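Being a predicted model, the structure only gives us computed values, none of them experimental. Counting from 1, the numbers follow the sequence of the chain as shown. First listed ligand is number 1; within each ligand, the first listed atom is number 1. What's counted below: heavy atoms across the whole structure, side chains too, no hydrogens, waters or symmetry copies.
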Amino acid sequence: MSTPVRIGILALQGDVREHHAALTEIGAEPVSIRRASELDSIDGIIIPGGESTTMSRLLVVLGLLEPLREALADGLPAYGSCAGMIMLARDILDTRPDAQHLDALDITVRRNAFGRQVASFETDLDIDGIDGGPMRAVFIRAPWVESSGESVQILGTVPDGPAAGRVVAVRQGDVLATSFHPEVTGDRRVHEYFVEMVRAVQGKQ
Ligand code: GLN
C-alpha cells in the first residue's frame, strides 16, 4: 500500500473540521497548519471555506502570508473551496481594500457574487475530470470566477437559473478551486481528485 499523502489544512478559521473528516475518510493524512514551519512537512494544502477577509487578516498577523505565498509559488499543490478560492486568486472584486490574497491562480473572483438575497443555494453540476455523474454543490455566500487567464482550465459552471454559465470550478497546474463546498456533503470526489493531483506531483519527483 502506498504511504498516505500529508495534506495541510489552513486552520485559522472556517470549515477546517469538515475538510479534516473528508481527507481522513479517503485515506489521506490531514495536518492543521497554523504556523509557517508547518508548511515544510506537507505534500499539498487545502484553504477552507470561511471568511476570506478574516483569513487574510490572520495570515498577516501570524506571519503566514508570505511563507504560504512562497510555498505556492514553489509548486505546493493547493485546493481552495469558497473563501479558499478567493484566497488563491490573483485578484478579488468586492472585497476590503486591505484584503490580501495568495496569487496562486490566474483568476479574478467576485466575492458574494450570487447576491445577498439568494446568497446560499444548492445545485447539481458536472465537473470535468470527475466521473460518476453530477455532484451536489452547496454554495454559501460564494464567489464566482469573473475572468481567468489562458492557462486556467474551467472545470465546472452553474448549469441553470439566473447564474447559468458562471464559472465555479477551475484548475491551473496543481492548483484547484471550487466556489462550492464539497466538504459539507458526503461526496468525496473533489477531495479524491485533489489527492490524485498531489500523488501525480509526487510521482514526478
Ligand atoms: N463570502 C465569504 C468570503 O468572502 C466566503 C463564504 C464561504 O467560504 N462560504 O470569504
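- Checking side-chain atoms of Asp106 against main-chain N and O of Ser148 turns up no donor-acceptor pair under 3.5 Å.
- Formation of a donor-acceptor pair under 3.5 Å by the Thr24 side chain with backbone atoms of His20 is found in this model.
- Heavy-atom distances between His181 and ligand 1 reach below 4.0 Å in at least one pair.
- For Asp131, the CG atom is loosely surrounded, since the number of other residues' heavy atoms within 6.0 Å does not exceed 12.
- With respect to the salt-bridge test (charged N to carboxylate O, under 4.0 angstrom), the residues Arg111 and Asp94 do not qualify.
- At a 3.5 angstrom cut-off on N or O pairs, Thr53 does not count as close to ligand 1.
- Among all non-hydrogen protein atoms, the one lying nearest atom 1 (N) of ligand 1 is Asn112 OD1, 2.7 Å.
- Of the candidates Pro143, Gly50, Cys82, the one placing a heavy atom closest to atom 2 (C) of ligand 1 is Gly50.
- A salt bridge is absent between Glu192 and Arg189; no separation between the charged side-chain nitrogens and carboxylate oxygens falls under 4.0 Å.
- Atom numbering of ligand 1 starts at 1 in the shown order; those under 4.0 Å from a heavy atom of Ile86 are 3 (C), 4 (O), 10 (O).
- Contact annotation: for Arg141 versus ligand 1, heavy atoms closer than 4.0 Å belong to both the backbone and the side chain.
- The nearest protein atom to atom 4 (O) of ligand 1, hydrogens excluded, is given as Arg111 NE, 2.5 Å; this is a heavy-atom distance.
- The shortest N or O to N or O distance between Ala142 and ligand 1 is not below 3.5 Å.
- If you check which protein heavy atom lies closest to atom 10 (O) of ligand 1, you get Ser52 N, 2.5 Å.
- Salt-bridge annotation for Arg136 and Asp124: present, with a side-chain N of the basic residue lying under 4.0 Å from a carboxylate O of the acidic one.
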Problem - Verdict with supporting geometry, Leu39 and Leu64, side-chain contact (heavy atoms from CB on, under 4.5 Å) - result: CA-CA 9 Å; Leu39 292 170; Leu64 248 175; 4.1 Å; yes
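- Note: no N/O pair closer than 3.5 Å links Gly49 and ligand 1 by distance alone.
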